[in-house]
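Input: a single structure, listed below in structure tokens.
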Amino acid sequence: MDRNHLKRQVDFMKRSFLDQGYLDEQFIQLEELQDDDNPNFVEEIVTLFFNDSARLLQNIEQALVSGPIDFPSLDNYMHQFKGSSSSIGAKRVKNECTRFKEYCTAGNAEGCLRTFVQVKQEHAILKTKLETYFQLAKQAGPSGTSGGQIR
């Protein structure tokens, strides 16, 4: 497949992520910061996000199952997760974080549990989509973003 066709596919894929609400303009702004001196910038930032968010998700899950729910601690963890999600433009993940925080504020444990399932699902979907995106972008070559496996 020629590089121009691959670059069009990368652009189409990114546009579909935006249109479907998986990503927002923050992701585009991150890509604008990428240059020849740091061609893997976006992938590195996204990899850091997924590494950090795995830890936060584990902390949240532990807090949800370990006895009386400490809503302020849960809210703090989710606040960090929401901020990280916002920083890479993970719109759907961020929206689920907002819902979770609303349940925390209301002291609604069942709502927190249900929404946490959604948070994890949106997180996993986004990770898969971005892994595919970076792999295709790598094949497209320079100016198509770098690519590979999100660790």
Evaluate the side-chain contact (heavy atoms from CB on, under 4.5 Å) criterion for residues Phe49 and His123: first the C-alpha distance (whole Å), next the side-chain angles of each, then the deciding distance (0.1 Å), finally the verdict. CA-CA 11 Å; Phe49 164 74; His123 180 265; 4.2 Å; yes
Kindly indicate whether the side chain of Asn38, heavy atoms from C-beta on, has any atom under 4.5 Å from the side chain of Glu44. yes
Are Gln121 and Glu96 close enough that some pair of their side-chain heavy atoms sits under 4.5 Å apart? no
Charged N to carboxylate O under 4.0 angstrom, Lys14 versus Glu31? yes
Nearest 0.5 Å please: distance from the CD atom of Glu102 over to the OG1 atom of Thr98. 6.5 Å
Answer yes or no: is there a side-chain heavy-atom contact under 4.5 Å between Ile88 and Leu48? no
Flag the pair Met13 / Val10 as yes when at least one side-chain heavy-atom distance between them is below 4.5 Å, and no otherwise. no
Would you check if Glu122 and Leu126 make a side-chain contact, meaning some heavy-atom pair closer than 4.5 Å? no
Around atom NZ of Lys101, are there more than 12 heavy atoms of other residues, nucleotides or ligands at under 6.0 Å? yes
To the nearest 0.5 Å, what is the distance between CG on Asn59 and CG on Asn76? 10.0 Å
Min side-chain heavy-atom separation Asp52-Gln80 under 4.5 Å: no
Contact check, side chains of Ile28 and Leu23, non-hydrogen atoms, under 4.5 Å: no
Parallel under 30°, tilted from 30 to 60°, perpendicular over 60°: which one fits the rings of Phe27 and Tyr133? perpendicular
Checking Glu61 now: which residues fulfil salt bridge (charged side-chain N to carboxylate O under 4.0 Å, His left out) with it, not counting sequence neighbours? Lys120
In Å and rounded to the nearest 0.5 Å, what is the OG to NZ distance from Ser87 to Lys82? 13.0 Å
All heavy atoms of Cys97 vs all of Ser85, minimum pair found to be SG-OG, 4.5 Å
Could you measure the distance from the OH atom of Tyr103 to the CD1 atom of Ile69? Nearest 0.5 Å is fine. 13.5 Å
Parallel, tilted or perpendicular, judged at 30° and 60°: which one describes the rings of Tyr22 and Phe17? perpendicular
Rounded to the nearest 0.5 Å, how far does CZ of Arg99 lie from CE of Met78? 11.0 Å
Greater than 12 external heavy atoms within 6.0 Å of Gln58's CD: no
Is there a chain of hydrophobic side chains (I, L, V, M, F, W, Y, each step under 4.5 Å between heavy atoms) that links Phe81 to Ile125? yes
Distance (rounded to the nearest 0.5 Å) between Ser86 OG and Asp24 CG: 7.5 Å
Let's go through Glu43 and Val46 carefully: what are the C-alpha distance in whole Å and the side-chain angles of both, what is the deciding distance for side-chain contact (heavy atoms from CB on, under 4.5 Å) to 0.1 Å, and is it a yes or a no? CA-CA 5 Å; Glu43 184 180 2; Val46 169; 5.8 Å; no
hydrophobic_cluster_shared for Val117 and Val119, side chain cutoff 4.5 Å: no
Do you know which two heavy atoms are closest between Ser73 and Asp70, and how far apart they sit? OG-OD2, 2.6 Å
Give the C-alpha distance, both sets of side-chain angles, the deciding distance and a yes or no for side-chain contact (heavy atoms from CB on, under 4.5 Å) between Lys129 and Gln20. CA-CA 12 Å; Lys129 287 184 176 295; Gln20 295 169 12; 4.2 Å; yes
Heavy-atom pair of closest approach, residues Phe71 and Ala109: CZ-N, 3.8 Å
Heavy-atom side-chain proximity of Gln26 to Lys94 below 4.5 angstrom: no
